[in-house]
Each structure stands twice: as structure tokens, then as C-alpha cells.
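Notes follow once the structure below has been shown.
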Amino acid sequence: MGLLDGLLPAYYESILITVGIYIILALGLNLITGVTGQLNLGHAAYMCIGAYTSAIMSMHYGMPFIVAILAGGLLAAAFGVVIGYPTLRLTGDYLAICTLGFGEILKSVLYNVPAVGGAMGLAGIPPKTTLTIVFIVMIIVIISMVRVESSRFGRALVAIREDEIAAECNGINATKYKLQMFSLGCFIAGIGGALWAHKIMVLQPRDFGFLKSIEILNMVVLGGLGSIPGTILGATVLTSIPEILRFSSEYRMLLYGALLVAMMIFRPHGLMGGVSFNSIAKRGMRWLKPGDKPDDKPGQKGMGG
Amino acid sequence: MLSNLLVQLINGIALGSTYALIALGYTMVYGIILLINFAHGEIFMAGAFVGLMLVTVFKVHIIFAFLGAMLFCMIMGVIIEKIAYKPLRRSTRLAALISAIGVSIFLSNLANLVFGAKPTTFPPTEEILFKIQTYELIAGAQITNLQILTIVTSAVLMVCLQYFIKKSRIGKAMRATSQDYDTAALMGVNVNRIISYTFAIGSSLAAAGGVLVGIYFGVVKYNMGFMVGLKAFTAAVLGGIGSIPGAMFGGLLLGIGEMLAVALGLSSYRDAIAFGILILVLLIKPTGLFGTQIQKKV
Amino acid sequence: MFKTKNLFLLVTFILIAALVAGCGGGQTADKEEGGGAADADVVKIGFLGDLTGDTAVYGQNTLDGMKMAADELNAAGGVLGKQVEIVVADHRYDKAEAANIVQKFINQDKVSAIVGDPTTGVTKATAPISNGAEVVQMSAGATGLGVVEIGPYVFRNTLLDTVGGPATIDYMINELGFTKVALITAVNSDFSVGLSKIFKDAITEMGGEIVIEESLQEGDTDFSGQISNIKNKSPEVIVYSGYYTEGGLLMKEARKQGMADIIMIGGDGLQAPTFWELGGDAVEGSISYCGFSPEQPTEETAKFIADMQAKFNKEADLFNAQGYDALKIICAAMETAGSADPKVFVEALAKTKEYPGVSGVTTFLENQEPVKSPVYLLQVKDQQWTLLKKVPVEM
């Protein structure tokens, strides 16, 4: 372990770790919002559960890092089931506002629980997150997401996104699939949160507000809903943009807001809407063999109105 | 205890009527173009700042400042729609949502740059309006003239809006557009103009809310729109998004619910309770209290 | 076809832009690397704070104070004959970004010291990094527990709650005779939660009674419910542990609801002109503690207040003063040690004794904790803080 650590200057390493964690978080949300079309405005809440759980695991119970990470993911998934079971029956914006509400409730409750430090939060979490670990977890998550995408399960999720009623008519148990998908997405968010906790070393409820959820959602939408390479690109770009814009400290967030609007107007399907690893591979083949005429993949529709 | 409950009820109505004013903007926009206009809270903030500037810098009477803020935000709302939402009308709803979030981030940071992060204060009420007086009601409960003003102003604005929507030509066209966008367009309704009107009216109501809140609490801040916007949006969903009486009712219910929570000594769970009410209502009646069931055609 | 090509062009463009921007930053840093921090012709000090997020007001004010200090130092010839340069970075209250910024300060900008963050949470998330890299970090505002314990390179310039809190409560109970207390906490502020605990212990220890405990959220503006509850229990005094914005609004609401004579007693979080700008007449008579007295200001404090007014056209507040002092204390230590290398001047910094700053007379104890003595109890009279009592602090 430690293959990648120390190769780069500490500043770049720190940024890369952040990028990696955001890629993991965004991939979890991409499954929920991009692939299945269920708008989730409270992703940070599941990240928060994972972060707190893993922090408690490694601080109070001295668990190995891998156990703490998994525990964080599992508890987040459990919450995903509990919250998802009643709310996933709601559609569109009603689901969105429920997930948002849950995020705010969780934050409010954490402020009032002395066991997790209230507003002061948890401090002194061991800094165990290294670039190598983030990289390994990220690769695992990417591979499993690609596998899910091309599996029967993944195709069922896309069918639910495109037309839930039609999918049900074709024998897809939409509620069951949505619940499984939601808990998987939350599991990934929990893992991302666990890695986050062991990098930042301090957790406070206000770190996981609505704006954090929106930040992750922006990455998915900017990259292209439902597209795994797009989500990775979106997370990379949006995590680096604030660093790139650092020269204009005071105008930075102003530019960020304007960029979001401009992006949506000029590329409403995101940077790589409809692009999957498969289509990239195909394109690569085409460049190698220019004679073939590949079918141009139409842009995916994202969340239909 | 009873008098405290009554006082909290009045506090709740005063707070709730400001939520309701802002919720109307969310619900009207949503009713027509199915967009959660996240920038609406920032328009509320802008309204408060414009009102404040008119009173302190230009020494305008508060009533004209109130109207000036409404006019300013009316124009602002229309411009925002033209720049950030109109090009996205035919693309996915999420793209429009992200664009709205972008506008929201842009506006609140613009206010931060112009006015700084320090809270700006409204002049004392007695200088711009009247001296605050308290009136005794039954059972020792009290109401201040400022609360009466807030509640009455909101109520008058909402009655005007209801009348406008029900009786005027534009109002009728709005309702038609919200029921069926394409058919309304085919029937000769200038949909673009109707959408502009919707943004204009919604934004001016938010500005009215902003100035009222500014006077009521005496403080204006660059990020004041965020939480209030979130709560107002919650109120709109609670009442059934797209429904105008629903937004009014949802706002009042949310305000009263929050204050009763405070009365019961749960003030630190205030936000949790506001959103808890919302989730409960949605689970029992998924379209909100006044929402109409939309049958999805296969 | 055309569209997809376009897309790839765009993506490539963005990636290249990102790389160029990233490397650009790297190259300038590399150039300076050759010389090292000590030989460069400027002394760089990083400002770590929030300029655009939830806690922007504290960050912006700290930065203004620092700018003031740097301008003064530079006008007088700088430090060790070099100009002081503040490297500004905004983390919008995001701890991950704050951590990246500290890495950038240390590895790219090669700063000699970092001032910030004003909040305890971000300080705890970043100080282990600078301590590990042996760069001095001084928070101008973190009052919570577990800050200086992080390591020998971590300092803070602030009046500790454990000193001012009990002194204030002692005055309240034993000299003003207020025993029935309403205690209000801002649950989402670590500063307020920590101070409330100190207040509470002091009140019960000295024989006072907390008749009602209320809570609010920093950032809210509607406190009518809390005040109605408090009014119902008729306490003699309101003790609030949070900051000036909510403090002013609370008192205004109390007057609105007819609590005509009650006063507020609080911590140094109330120390800003915003308190009476918001509260107006309602905050007359309110009491808080502080490290300096505006009524009997030292020469430095009087000059600072006048200069802030001239430069930024605003009245100085606590964060202005603490940011100003933090920078000057660091630079004074550099002068004493004759070096801008943090490994060298950290010893001189730790030995700072009775530094006559604008936020009080500061001494660092052996464990790096700051002590400001004496503590001043101040009261609002005619929209100004006036001196009530001087309480000497035992070290």
C-alpha cells in the first residue's frame, strides 16, 4: 500500500484525493439521478452518515480503516432503505423535496446530539485516507458502476427512467428495483463520506448542508446525466475549477454561478451526455479502422419532463 | 401557557404570511413551466436590498420604496427568465434546475461583493413607519402593530393576486397555460408573454416579502434568501405546488408549525420539524394539501 | 458527427485549460523554490478564511485587519527589510477546500506563516497539516477546545472563553444581583455551544438559576417565538453566548414584545458595531467582556480604530482587531528571531510576552494558549462600549 503516495507535491496530492472522493460521491448520485432519473437533493446526508459512522468506528472502537469504511457505507445504505421505502413512491419534484427535507432534518438532529459533538462536531479523526486508497476505491466503484450499467439490473433502471409505467407493464418491479438502486447509491455515498472523514479529520453538521448536495448534483449534471465518464469528468472539472479560479478569490463564486448557467445554456445535456465507456471504446476502434461507419449514438434524454 | 400559545400562533401567522408571499412565486412559476426556480429566494433578498437602498440612500418614503423594490424585482425576474431559463425551455428539467441554481449562486455572491457579508440594518421602524405598539387581545395575548401591518399587507397582496388570476384576461391565460402549455399556445395564447408576466408577478411578490421582512426584523443580508427560499418552497410543496391557495395555506401552516415547535421548547429542532411536517404530508397525500392528482397517461 | 466532435474539442479544451492553469501556478512556485522562503524578497503570510460562504463576515473582517497591519508594516520598511505580502485564499466554509489551500500555501506559495481560520472547526481541520509541515498557523478567533494541542506550530490570538465567561457571570450575579437567568445558545455555532457550557457552569456554581434555556440558529432572523417563551418565564437577565447579529435581533424582539428593561449579557462575540446598529436602543445597557477597552484605549487601539475608519470607512470590530494583531505578533517574532523561517521564529513567537496589541495585551503560555490581561467588562451606553470593570487575569 502506498504506491501513489508521495509521488506528487502535497498540494496536488491533496487536490487529487478531493477529486477522487468527489468522483465516488458523484457516481453514487449518478446511479440514482442519472441512470434511474430519481432526483435526489439530499445526497450529502448519506455522505454525512457514512462520515460520522466511520469516524466513530475508528475513533471509539479502533476498527481497521476498511471496516470503518464498510460500516459507513452499510449504515448509509440502511438509511437509504428506510428513507427510500416510503418516499420512492413519490415522483419527480416531490421525491426531490423529500430528500432535501431529510438532509435538513439530519443536520438539525446532529446539532442536538451531544454524543457526536453537536455543532462542535467530531475532531481528531485519524488521517488514514491516502491517494492510493482513494484511487483503489474509485477504480472499484467505477468498475462496478460500468458492470451495473450493462447488467439486466441497469437496463431495468434505465427503463424505469424512460417510462416507469411501461417498465412495470414489462414485468419490472419498479419499486423493488428503485429501492435496491437507491440503497446502492447511498452505500457509495457513505463510502465517499468515510474517505472524506479520514482526510478532513474534523466533521461538523454544517459541512453536509444542502449546498454540498447541490455541488455533487452539479457534477453529475455538468458531466452528463447517466454517463459514467461524464460524471467523472464533471467531478474533476468542478473540483478543480474553484482551485483554478483561485486567482480571483473574491469573484470566484460569482464566476462559478455564471459558468453553471452558461454551461446549461450551451450544453444542456452536460459535457458528455450519452457517452459511456462502451461508446468511447467503439469510437477508439473506429479511429483505428476508419473504414467502419459506426452508428452515432443519440444524446440521452436525462430526466424527461 | 394558553396566552403563550396564542402569542406563538400570532407570531406564526406573521412569519407564515411572509413565507406565503414568497411561496406564491415558486408555485406560479412551477405551475407554468414546471421549474423549481431556485433563484427566487435571491430575488427576495434583492427586493430587501433595493427597498433598503431606496429608504437610506435616496431617502424615499417607505411606501414608494416598497413599490420601487417590487418594480425593480419585477424587471429583474423577467430578465433572469429571458437569460437563464428561456433558452432551456425545450431541454431537460434538470438542466433548467441547475441553471436556476447557478443564478442563485451568482446573485447571492454579487450581493456579497456589493454589500459585504456583514448584515446591513434597516432604519428603526419609528423613523420610517411608526412607533411599535403592543395591543392586548383576549387571554393576555398580544399583537404588535408591525405584525398587523405584515399580515394585512400580505393578505391584501394575496387577495389582489387571486382576483387578478381569476378575473383578468392575463390571469385566465396564465391558468390556461398552466393547465396545458401546448394547447394554450395553439389556442392563441402568447405563451412567452404569459411566462414573462408570471415571473414579473412572482418576483414582485417576493420583493414585497423582502421589504416586509426587512422592516419586520430590521436586518438584510446577502444570504438571507437561501433558507427563506427553501422554507417558502417547502410551503409551496406542502400546499400542493402549482396551487395558489395551496401556497398561501402552506406558508401559514409552516409558520405556525414552526412557532408551535418553539412554544413547546423544541426551538433547536425548528428546521427538522418544518421539514418533518412536509415529509409527513407528502407521504399521506403525495400531491400536497391542495394539489390536484395528475393522471399519467400511458 | 459534427456535434460529437465539438464535444470532444470542448472537453479537450477544458482539460488543457485546467492543466495549463495548474502548471502555471506550479511554475511560479518553482521559481521561488530555488531561493527558499527565507531568501525571497518578500515575506509571505497566508490568509486562510471564508470570504463567500456562511462565515464570510468573520473571514472578511479578519482579512481587512490583516491588510491594515501589512500596509503599516510595509510603510515602515517591512519585516527584516522585506515587504509583507498577504496571500489570500477563500475556502467558502468548505473544509476540503481549506485543506487544499493550506497545502498550496505551504508547498507552492512557501508562506512563512498562515493566519486563520477564524472558526474552530476549520482550524482543527487545517492546523495538523501546517503543524506537520512545520509552518506556523495562528487562528485569529478559534476559541474552542483542542486547537493549540495540535502541535507546537499552532497558535491562536483570541481571548479565551474560560477566562472572560466566569468573570462576566461573577459580575452579573454578585454585583448586579441578577440571579434568574434566561440562557440562549446558537446550536449551529461551535463558539456559542462552548461558551454556553461555560456560562451555565458559572451560573450554577455562583448560585444563579437558569429559569429557561432557549436555542436558535445562527442565520435565522425570526426570534419572536423564543422571546415569547422567555417573556413567559420572566427572567431578570438574558445571557446569550453567540454573535452580535443574533444578539442585536434578540434584544430588538424583546423590546418589541414589551420586555422594557431587560439587558443582555454575553461573550466577546457581541463585540461589533453591528450589535447596536441592529439592536438600536434595545441593546443599551448590555454587557460583554473583551480584551481591550475602547474608552481607555491604548495609543495603538485608538490609532487602529481611527485608521480602520479612514481606510475601510467602517468601525473596527473584534475580528478586525484580532486579525491585525495576529499578523503583527507573527512579524514581531520574526524580527526578534531575525528570520522569516517558521522553524526559527516559532520559538520567539512562543515566548511572546505582554505584546501590546489592539485586541488586548497578549502573552503566550507554555502550552501556546494566549492570555489577554486584564479582561475588560464593557457596557453599551449611547451606542458605544463603555468601561464597566477591569478584571486582572492570573497566569
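In what follows, every chain begins at residue 1, and chains take the letters A, B, ... in the order their sequences are listed.
- Between the CG atom of B:Leu278 and the CZ atom of A:Phe102 there is a distance of 14.0 Å, given to the nearest 0.5 Å.
- Contact of the B:Phe226 side chain with the A:Phe210 side chain is registered, since non-hydrogen atoms from C-beta on lie closer than 4.5 Å.
- At a 4.5 Å heavy-atom cutoff, the contact between A:Leu254 and chain B is made by backbone and side-chain atoms alike.
- With a 4.5 angstrom heavy-atom cutoff, B:Leu107 does not touch chain A via any of its atoms.
- In this structure, A:Glu104 CD and B:Met227 CE are separated by 4.5 Å, a value rounded to the nearest 0.5 Å.
- For A:Tyr177, the OH atom counts as densely surrounded, since its 6.0 Å shell holds more than 12 non-hydrogen atoms of other residues, nucleotides or ligands.
- The contact between B:Tyr30 and chain A is made entirely by side chain atoms (from C-beta outward), counting heavy-atom distances below 4.5 Å.
- Under the 4.5 Å side-chain criterion, counting only non-hydrogen atoms from C-beta, A:Val261 is not in contact with B:Phe106.
- The closest side-chain heavy-atom distance from B:Leu282 to A:Thr87 is not below 4.5 Å.
- For the atom pair NZ (A:Lys107) and CZ (B:Phe275), the distance works out to 8.5 Å, reported to the nearest 0.5 Å.
- Heavy atoms from other residues, nucleotides or ligands lying under 6.0 Å from OH of B:Tyr269 number more than 12.
- Here B:Ile98 is the residue among B:Ile105, B:Ile241, B:Ile98 with the most heavy-atom pairs under 4.5 Å with chain A.
- If you measure heavy-atom distances from B:Ile279 to chain A, the contacts under 4.5 Å come from both the backbone and the side chain.
- Of the possible donor and acceptor atoms, none in the side chain of B:Asn109 sits under 3.5 Å from a partner among the backbone N and O of A:Gly257.
- The contact between A:Ile97 and chain B is made by backbone and side chain atoms together, counting heavy-atom distances below 4.5 Å.
- In this structure, the portion of B:Leu97 lying under 4.5 Å from any heavy atom of chain A is its side chain and not its backbone.
- Neither the backbone nor the side chain of A:Leu222 comes within less than 4.5 Å of any heavy atom in chain B.
- Contacts between B:Leu88 and chain A at a heavy-atom distance below 4.5 Å involve the side chain alone, from C-beta outward.
- The OG atom of B:Ser99 sits 5.5 Å away from the CD1 atom of A:Ile265 when rounded to the nearest 0.5 Å.
- With 3.5 Å as the limit, one finds no donor-acceptor pair spanning the side chains of B:Asp271 and A:Ser108.
- Counted within 6.0 Å of CZ on A:Arg89, heavy atoms from surrounding residues, nucleotides or ligands total 12 or fewer; the atom is thus considered open.
- With rounding to the nearest 0.5 Å, the separation of CG in A:Leu90 from CG in B:Leu283 is 6.0 Å.
- Heavy-atom pairs under 4.5 Å with chain B peak, among A:Leu211, A:Val109, A:Leu100, at A:Leu100.
- In terms of heavy-atom pairs under 4.5 Å with chain B, the best-connected choice from A:Leu95, A:Leu259, A:Val221, A:Leu217 is A:Val221.
- Using a 4.5 Å cut-off between heavy atoms, B:Ile36 contacts chain A through its side chain alone, with no backbone atom that close.
- Interface remark: B:Ser91 contributes side-chain atoms only to the contact with chain A (heavy atom separation under 4.5 Å).
- Considering all non-hydrogen atoms of both residues, B:Gly276 and A:Ile105 come closest at N-CD1, 3.6 Å.
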